[in-house]
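Inspection log for the structure reproduced underneath, given as structure tokens.
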Amino acid sequence: QAQLVESGGGLVQAGDSLRLSCAASGRTVSSYAMAWFRQAPGKEREFVAAINWSGSNSYYADSVKGRFTISRDNAKNTMYLQMNSLKPEDTAVYYCAARNRPFASGAKDPADFGSWGQGTQVTVSS
């Protein structure tokens, strides 16, 4: 399994932007679909966005569509989440995940992804 490490979280104000990174080590993830999830205090982990192995296809949760962009650089074994127009309700721990197949195929359940990072905190103040 690949080890995934998220970075780029922080404290920002509403309307600001952040870019999260997810770096993989130990095993290439260039042939795997990957995704971002988030978990706010007292809530279940929820799907944010997913991308296929090549980066040619992606899909988003309705709550972030038009504001967040998922991308990947397979040469760097890294995935990104560009977050614009952040809102207080985006506050959560953000996790990256990898799926042991090339296409995410609409998967949004955390159980569909086998490798996880430790998470990075994003806090958006109003």
Side-chain angles (χ1 to χ4, degrees):
Q1 271 189 330
Q3 285 75 51
L4 305 177
V5 179
E6 303 93 338
S7 62
L11 172 63
V12 297
Q13 293 187 330
D16 285 350
S17 298
L18 274 177
R19 189 176 82 153
L20 305 183
S21 298
C22 172
S25 63
R27 184 174 183 177
T28 180
V29 294
S30 61
S31 60
Y32 293 168
M34 298 186 72
W36 288 98
F37 287 78
R38 66 187 182 186
Q39 188 166 18
K43 295 188 177 182
E44 293 187 350
R45 192 166 299 190
E46 68 171 359
F47 170 79
V48 175
I51 190 167
N52 71 349
W53 70 277
S54 67
S56 63
N57 188 50
S58 58
Y59 53 95
Y60 300 86
D62 288 343
S63 58
V64 306
K65 201 173 296 183
R67 299 188 297 122
F68 290 11
T69 302
I70 189 172
S71 62
R72 65 191 298 164
D73 185 338
N74 285 340
K76 296 181 178 180
N77 226 18
T78 301
M79 177 180 65
Y80 305 98
L81 185 68
Q82 178 66 44
M83 305 186 295
N84 298 330
S85 303
L86 282 161
K87 304 175 181 181
E89 51 264 43
D90 295 318
T91 295
V93 177
Y94 283 71
Y95 298 89
C96 68
R99 193 178 196 205
N100 191 22
R101 54 187 69 183
F103 299 99
S105 303
K108 297 181 179 180
D109 190 327
D112 292 324
F113 295 83
S115 298
W116 291 85
Q118 84 291 345
T120 185
Q121 176 70 47
V122 172
T123 303
V124 184
S125 64
S126 58

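Each residue takes its place number in the sequence, starting with 1. Source: prediction; values computed, not measured.
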Less than 4.5 Å apart, side chain to side chain, heavy atoms only: is that true for [X] and [Y]?
X    : Y   : answer
I70  : W36 : yes
M34  : L4  : yes
V124 : K87 : no
Q121 : T91 : yes

Once disulfide (SG to SG under 2.5 Å) is applied, what residue pairs with a partner in [range] remain, sequence neighbours excluded?
range           : value
residues 45-80  : none
residues 46-77  : none
residues 97-126 : none

Test side-chain hydrogen bond (donor to acceptor under 3.5 Å, both in side chains) applied to E89 - qualifying residues, sequence neighbours left out =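 If we apply the side-chain hydrogen bond (donor to acceptor under 3.5 Å, both in side chains) test to E89, skipping adjacent residues, there are no hits.
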Apply side-chain contact (heavy atoms from CB on, under 4.5 Å) to [X] and list each qualifying residue two or more places apart in sequence or on a separate chain.
X   : result
T69 : Y60, Q82
S25 : Q3
S56 : N52, S54

Minimal non-hydrogen separation, [X] against [Y], with atom names:
X   : Y    : value
S21 : T78  : CB-CG2, 4.3 Å
N77 : S30  : OD1-N, 3.9 Å
A49 : L81  : CB-CD1, 4.5 Å
M83 : V122 : CE-CG2, 3.9 Å

What side-chain donor-acceptor pairs closer than 3.5 Å can you find for residues 9-19, not counting sequence neighbours?
| from | atom 1 | to | atom 2 | distance (Å) |
| --- | --- | --- | --- | --- |
| D16 | OD2 | Q13 | N | 3.1 |
| S17 | OG | N84 | OD1 | 2.9 |

Identify each donor-acceptor pair in which a side-chain atom of residues 92-104 lies under 3.5 Å from a protein atom, sequence neighbours left out, and give them as a table.
| from | atom 1 | to | atom 2 | distance (Å) |
| --- | --- | --- | --- | --- |
| Y94 | OH | R38 | NH1 | 2.9 |
| Y94 | OH | D90 | O | 2.6 |
| R99 | NE | D112 | O | 3.2 |
| R99 | NH1 | F103 | O | 3.2 |
| R99 | NH1 | A104 | O | 2.8 |
| N100 | OD1 | Y32 | OH | 3.2 |

Worked check of side-chain contact (heavy atoms from CB on, under 4.5 Å) between L20 and F68 = CA-CA 11 Å; L20 305 183; F68 290 11; over 6 Å; no
Those residues that, when tested against F37, pass ring pair (Phe, Tyr, Trp, His ring centres under 6.0 Å) (two or more places apart) =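 Here the qualifying residues are F47, F113, W116.
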Salt bridge (charged side-chain N to carboxylate O under 4.0 Å, His left out): pairs with one or both residues in residues 70-84, sequence neighbours excluded =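 Of all non-adjacent pairs touching residues 70-84, none passes salt bridge (charged side-chain N to carboxylate O under 4.0 Å, His left out).
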Applying salt bridge (Lys or Arg N to Asp or Glu O under 4.0 Å), name anything that partners K65, two or more places apart in sequence or on another chain.
->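 Listed in chain order: D62.
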